[in-house]
Amino acid sequence: MYIGTTVTQFIIEEQRKLSNASGDFTSLLNDIVTACKVISNTVDQGALIGVLGSAGSENVQGETQKKLDLITNDVVIKSNEWAGHLAAMASEEMDDIYPIPEQFPKGKYLLVFDPLDGSSNIDVNISVGTIFSILRCPDGISNPTAEDFLQEGTKQVCAGFALYGPSTLMVLTTGNGVNGFTLDKNIGEFVLTYPEMKVPEDTNEFAINASNDRFWEEPVKRYVDECLAGDTGPRGRNFNMRWVASMVAEVYRILTRGGIFMYPKDTKDPSKAGKLRLMYEANPMSFIIEQAGGVSHTGRERIMDIKPTDLHQRVPVILGSKNEVDRLVSYHKDQ
Ligand code: P6P
């Protein structure tokens with residue numbers, strides 16, 4: 001019985017379109033996919049294997065780490081450090097970069113990842129995910145530093161995420177559109193189920209943490225107030241609101257039925273430019289959203305154009321359906 005196109009077959013067929021493809025990239029992507037399968041299985045078992053709850057430590061962001069933050073970080077590291085495709089890795093859960101250990105060969109790519117995005121939800125059994133971004137290691141560099149990771153989002157070779165929800169899904173882009181796969185746990189393979197995903201240009205659904213309302217800048221207040229005014233206000237139609245507090249779940253919903261996701265700049269902590277991290281949340285999700293026909297912006301600039309200055313740099317994020325993001329960007333210009 002034909003099982004459909006597996007993610008491995010898909011990647012190899014994609015690779016054939018690239019004239020200079022060495023197979024290195026395909027093998028790297030397969031190692032990342034393996035890590036996501038292991039994480040899916042671990043998250044699925046949760047309390048049964050004692051992996052829930054706090055690890056009693058903080059990450060570089062000052063956020064309390066869950067046990068699963070550390071476990072999943074280690075899964076990604078161990079699945080990808082040995083094969084010779086990477087020169088180094090960086091993660092939300094590690095202060096500095098992770099150089100490939102001496103006993104393993106080094107490769108030409110850099111991997112940046114958030115091993116368990118939305119992990120504050122894990123103890124309450126709400127969907128979480130793994131976000132990853134692949135960059136090229138600069139030519140001639142065999143021992144990269146954090147500086148070598150600080151590349152604009154436009155330099156990404158690949159971006160993807162796994163979503164551990166009712167189904168475990170994988171969403172990928174290598175710059176030729178966006179494709180979604182569902183993990184068939186009976187055979188342990190991600191199978192192509194959502195080819196050529198596209199973000200609808202219009203939407204009636206916005207996502208924002210409304211508890212931050214009093215900290216928002218005027219353009220965001222105006223946009224959200226107009227959505228809340230519905231058909232009695234300037235938009236002339238009603239809107240719906242969602243907030244899952246798990247970016248992977250929000251982005252997947254937007255890829256499926258449209259929407260606008262906002263974690264904007266606010267005055268809650270003036271020292272922070274936003275909550276979400278550029279290198280392993282905003283940039284990979286921006287690559288995916290743009291490849292699916294959406295827009296991803298800070299309100300003042302295209303996220304993928306930002307020249308990073310720090311591995312754990314935070315940025316405002318407004319992404320999703322083109323016509324809604326464009327509208328909110330125009331409100332920033334009107335300011
Ligand atoms: P808040 C999860 O911690 C995360 O980084 C994103 O996945 C999510 O969109 C956001 O933070 C949730 O933030 O302030 O609503 O808990």
Side-chain angles (χ1 to χ4, degrees), residues 31-32 34-82 86 88-101 110-133 145-146 149 161-165 168 209 211-212 215 243-251 263 266 268-285 308 310-315 317:
D31 294 343
I32 295 168
T34 299
C36 292
K37 291 176 187 175
V38 172
I39 293 171
S40 173
N41 183 51
T42 307
V43 165
D44 195 44
Q45 295 184 72
L48 296 172
I49 56 174
V51 294
L52 300 183
S54 170
S57 54
E58 280 191 357
N59 62 19
V60 66
Q61 337 278 344
E63 295 162 344
T64 302
Q65 291 175 306
K66 301 284 190 184
K67 287 180 194 166
L68 274 171
D69 283 323
L70 302 180
I71 291 167
T72 56
N73 192 71
D74 194 52
V75 167
V76 177
I77 294 287
K78 293 287 186 299
S79 301
N80 287 282
E81 65 177 350
W82 58 274
L86 295 172
M89 293 184 247
S91 157
E92 174 177 335
E93 302 307 332
M94 300 187 295
D95 296 4
D96 201 352
I97 67 167
Y98 180 88
I100 297 301
L110 301 175
L111 176 62
V112 199
F113 61 96
D114 180 354
L116 203 65
D117 179 67
S119 58
S120 57
N121 285 317
I122 195 72
D123 294 343
V124 293
N125 202 44
I126 291 173
S127 299
V128 291
T130 300
I131 308 172
F132 60 89
S133 169
T145 64
F149 280 79
F161 64 83
L163 175 57
Y164 312 115
T168 288
N209 181 338
S211 70
N212 295 324
F215 303 116
W243 189 249
V244 186
S246 187
M247 190 184 193
V248 284
E250 316 272 11
V251 169
Y263 215 114
D266 63 38
K268 191 172 187 178
D269 179 345
S271 69
K272 289 180 182 168
K275 172 170 185 184
L276 303 180
R277 276 61 55 146
L278 176 60
M279 297 301 296
Y280 37 80
E281 289 174 320
N283 266 340
M285 290 311 204
D310 180 84
L311 204 51
H312 300 290
Q313 170 178 353
R314 297 172 187 268
V315 290
V317 177

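For the single chain, residues carry numbers from 1 onward in sequence order. The figures here come from the full heavy-atom set of this structure, side chains too, leaving out hydrogens, waters and symmetry mates. None of these values were measured; they are calculated from a predicted model.
Judged by distance alone, with hydrogens and angles left aside, the side-chain atoms of Thr42 form a donor-acceptor pair with the main-chain N or O of Val38 at under 3.5 Å. A donor-acceptor pair is defined here as one N or O able to donate and one able to accept, closer than 3.5 Å; no such pair exists between the side chain of Asp74 and the backbone of Ile77. Counting only distance, with no hydrogens or angles, the side chain of Glu281 and the backbone of Arg277 share a donor-acceptor pair below 3.5 Å. Looking only at distances, no side-chain donor or acceptor of Ser79 sits under 3.5 Å from a matching main-chain atom of Val76. A distance-only check finds no donor-acceptor pair linking the side chain of Thr130 to the backbone of Phe161 [under 3.5 Å]. Checked by atom type and distance alone, the side chain of Lys67 never pairs as donor or acceptor with a backbone atom of Ser54 at under 3.5 Å.
The heavy-atom pair separating Leu52 from Leu68 by the smallest distance is CD2-CD1, 4.0 Å. Residue Gly118 comes nearest to Ser246 through the heavy atom pair CA-OG, 4.0 Å, listed as atom of the first residue, atom of the second, then distance. Residues His312 and Tyr280 share a closest heavy-atom pair of ND1-OH, 2.6 Å. Of all heavy-atom pairs spanning Pro101 and Glu81, the tightest one is CG-OE1, 3.4 Å. Taking all atoms of both residues into account, the shortest heavy-atom contact from Asp123 to Gly53 is OD1-N, 3.1 Å. The shortest heavy-atom contact between Val244 and Ala249 is CG1-CB, 4.0 Å.
Using modelled atom types, one finds no donor on one side chain facing an acceptor on the other under 3.5 Å when comparing Asn283 with Ser133.
Atom CG of Asp69 is separated from atom CD of Glu93 by 4.0 Å, given to the nearest 0.5 angstrom. The structure places CD of Glu92 at 9.5 Å from CG of Leu116, a figure rounded to the nearest 0.5 Å. Residue Ser40 holds its OG atom at 6.5 Å from OH of Tyr164, rounded to the nearest 0.5 Å.
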Evaluation steps, salt bridge (Lys or Arg N to Asp or Glu O under 4.0 Å), between Glu58 and Lys66: CA-CA 9 Å; Glu58 280 191 357; Lys66 301 284 190 184; over 6 Å; no
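Among Asn73, Val128, Val75, Asp44, the one residue that satisfies the side-chain contact (heavy atoms from CB on, under 4.5 Å) test with Ile39 is Val75.
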